[in-house]
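Just below is one structure, and these are the notes that go with it.
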Amino acid sequence: MASPPPFFFLIFLSIVTAVKLPLTHFSHNTDQLPNNDPYLALRRLADSSIARAQQLKQPSSIKPNEDPLFASSSAAVKSPLTPKSYGGYSVSLSFGTPSQTIPFVFDTGSSLVWFPCTSRYLCSGCNFPGLDPTRISKFVPKSSSSSRVIGCQNPKCRFLFGSDVKCRGCHPNTRNCTVPCPPYILQYGLGSTAGILLSETLNFADLTVPDFVIGCSILSTRQPAGIAGFGRGPESLPSQMNLKRFSHCLVSRRFDDTKVSTDLDLDTGSGHKTGSKTPGLSYTPFRNNPNASSNAAFLEYYYLSLRRIYVGSKRVKVPYKLLAPGPDGNGGSIVDSGSTFTFMERPVFELVAEEFAAQMSNYSREKELEKITGLGPCFNISGEGSVTVPELTFEFKGGAKMELPLSNYFTLVGSVDNVCLTVVSDNAVSTAGGGRRGPAIILGSFQQQNYHVEYDLENDRFGFARKKCSP
């Protein structure tokens, strides 16, 4: 995950008014878990959310370049977004000549787009429930006439490695050196991937994007699908397509496989007037990290101006230094489709969890269940004719409020007798002396389900509204 922007031009061969991409979720099939164990599915999602947060909070950094230049075009693209295994959402994209269609995990917390590559692709630790590692979809470069290895002196090599990329074997004064761009290694929470950069053609039904930079991964760990990076780096799909905005509505998930999908909308054109708002959406501006130079990954994240957190009508008194990134670049809130459950740094989580416990003190705590699932607080609600759960609300700069429906922050666990808060934390200690690293709050996909969410890149803002996200 890195970010140096070089200079390049993007040419669209076709101009269209709308294309949609199906978006579905990757989710565990509990029928294939030992003894249909729902606790194991939750535990895996909780652990992967925490691992994801730890990676986002302390990513490897690459020195950034500045001032990318992209040519513009007018078009809109829509693609199905589908729920699948292991907690994320999937979108299928077609690359190559002729096209090869590959499923990708939709990820707004990273920027490189990469696919499992060559017939010899190896994925270690990919024995997930419901997944046969030998049947992972792979891109085969030799079957595509448009595949080209990106050279070390190609400006696009700097997408990952910066202006100081080392081209071993290339004399500084030599042009058109044939040495390839160095291999990459990227970390994703519990997984990783390694490969080389290719230039390929990205194909939609009525739109073609040539010379698209994509990672050809040869070896991965715990990465059963490629990643479609939608972060803010120059190598991301939004940057390479010069998107004005993109939006989605994540279908609700119940930790099982489903073929239900909704659309991921990609707007590259002038369908909206500059400054115009999508009717019905509440907006809050994205914010910049004041010390992004300390870590290039901070340039990739979509930081939000979270002002307040409410449990019921009670405002949780979270220190401002945690809600906003400080001079050292740490703290603040980001939105990330690649995280399943929302993550809160321990001091924030404890305040929120304690307030839920206080307002739900008439229900008994299930602390053993909390240990098993990695979630909490958990409550036993058996024998109750009606159950009262306080609302969880995030208030952002400008007054926009995300008042979450109950199903977005509590889940039934094991039976109708137990419920758990679907927000996670780790045991890291936040300190003013440098113990705190990266964003303090990461808004995950579980909390975004049944919301129309818009990343308005042209106007640098985040929009959202409650919506039933059925197809």
Side-chain angles (χ1 to χ4, degrees), residues 1-21 23 64-79 81 91 93-95 104 106-114 146 148 150 154-160 197-215 227-248 263-278 285-286 288 296 299-302 337 453-463:
M1 296 173 42
S3 43
F7 166 131
F8 81 92
F9 289 95
L10 177 67
I11 301 174
F12 287 91
L13 299 184
S14 304
I15 295 180
V16 298
T17 56
V19 181
K20 291 181 179 288
L21 299 173
L23 189 63
N65 200 343
E66 295 180 356
D67 298 330
L69 177 63
F70 300 98
S72 63
S73 178
S74 62
V77 177
K78 295 179 183 289
S79 184
L81 197 59
V91 60
L93 299 172
S94 297
F95 287 91
F104 295 81
F106 170 64
D107 184 13
T108 61
S110 68
S111 292
L112 181 67
V113 182
W114 66 266
S146 50
R148 300 288 185 274
I150 290 181
N154 187 321
K156 297 178 185 180
C157 182
R158 302 173 194 163
F159 278 10
L160 287 185
L197 293 181
L198 298 181
S199 173
E200 252 301 357
T201 300
L202 171 59
N203 303 298
F204 299 102
D206 299 298
L207 178 66
T208 300
V209 187
D211 301 321
F212 190 96
V213 175
I214 186 159
I227 301 289
F230 272 68
R232 308 191 84 170
E235 69 272 34
S236 74
L237 187 147
S239 293
Q240 293 197 63
M241 290 186 66
N242 196 29
L243 296 185
K244 305 302 181 185
R245 66 187 75 199
F246 64 92
S247 62
H248 58 72
D263 288 327
L264 171 63
D265 292 0
L266 313 180
D267 179 7
T268 66
S270 55
H272 293 265
K273 293 181 180 179
T274 300
S276 66
K277 296 182 178 181
T278 300
F286 289 123
N288 295 323
L299 289 170
E300 297 190 61
Y301 301 157
Y302 293 98
S337 67
V453 169
E454 179 183 279
Y455 293 73
D456 186 347
L457 308 179
E458 185 175 35
N459 298 296
D460 206 31
R461 63 192 178 190
F462 181 73

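What's counted below: heavy atoms across the whole structure, side chains too, no hydrogens, waters or symmetry copies.
The shortest distance between side-chain heavy atoms of Leu198 and Trp114 does not fall below 4.5 Å. Looking at Val213 and Gln240, their side chains come closer than 4.5 Å, going by heavy atoms from C-beta outward. Proximity of Thr268 to Lys244: side-chain heavy atoms (C-beta onward) are nowhere separated by under 4.5 Å. In this structure, Tyr301 and Thr108 have side chains that are not in contact, with every pair of non-hydrogen atoms separated by 4.5 Å or more. Residues Asp206 and Phe204 are not in side-chain contact: their nearest non-hydrogen atoms beyond the backbone lie 4.5 Å or more apart. No side-chain heavy atom of Phe246 sits less than 4.5 Å from a side-chain heavy atom of Met241. Taking the side chain as every heavy atom from C-beta outward, Leu202 and Leu207 never approach each other to under 4.5 Å. Side-chain contact between Asn203 and Leu93 is absent, with no heavy atoms from C-beta onward closer than 4.5 Å.
Under a 3.5 Å cut-off, the side chain of Ser236 and the backbone N or O of Gly233 do form a donor-acceptor pair. Put simply, the side chain of Glu300 never gets that close to the backbone of Gly231: no donor and acceptor are under 3.5 Å apart. Looking at Asp263, its side chain never comes within 3.5 Å of a backbone N or O of Asp265 through a donor-acceptor pair. A donor-acceptor contact shorter than 3.5 Å is absent between the side chain of Ser199 and the backbone of Ile150.
Considering every non-hydrogen atom in both Glu454 and Thr278, the closest pair reads OE1-OG1, 2.7 Å. In terms of heavy-atom proximity, Ile214 sits nearest to Val113 at CG1-O, 3.1 Å. Minimum heavy-atom separation, Leu299 to Arg232: O-CB, 3.3 Å. The minimum heavy-atom distance linking Gly215 with Leu112 is given by the pair N-CD1, 4.2 Å. Nearest heavy-atom pair across Asp211 and Lys156 is O-NZ, 2.9 Å. Among all heavy-atom pairs drawn from Leu457 and Pro238, the shortest one is CD1-CB, 3.8 Å.
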Determine, stepwise, if the pair Leu197 / Asn154 fulfils side chain to side chain contact (heavy atoms under 4.5 Å, CB included). CA-CA 11 Å; Leu197 293 181; Asn154 187 321; over 6 Å; no
Please test Arg245 against Asp460 for salt bridge (Lys or Arg N to Asp or Glu O under 4.0 Å), starting from the C-alpha separation and ending with a verdict. CA-CA 9 Å; Arg245 66 187 75 199; Asp460 206 31; over 6 Å; no
For a side chain to side chain contact (heavy atoms under 4.5 Å, CB included) check, start with the C-alpha distance between Ser247 and Val453, then their side-chain angles and the critical distance, and finish with the verdict. CA-CA 5 Å; Ser247 62; Val453 169; over 6 Å; no
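Ser146 and Glu200 are linked by a side-chain donor-acceptor pair at a separation below 3.5 angstrom, with hydrogens and angles left out of the test.
Qualifying side chain to side chain donor-acceptor pair (under 3.5 Å) partners for Thr201, counting only residues two or more places apart in sequence or in other chains: none. Taking Phe286 as the reference, Tyr302 meet the ring pair (Phe, Tyr, Trp, His ring centres under 6.0 Å) condition, with sequence neighbours excluded. In this view, Arg461 and Lys277, Tyr283, Asp456, Asn459 satisfy the side chain to side chain contact (heavy atoms under 4.5 Å, CB included) rule, not counting sequence neighbours.
For the ring pair (Phe, Tyr, Trp, His ring centres under 6.0 Å) with Tyr455, the lone residue among Phe106, Phe230, Phe462 that qualifies is Phe462.
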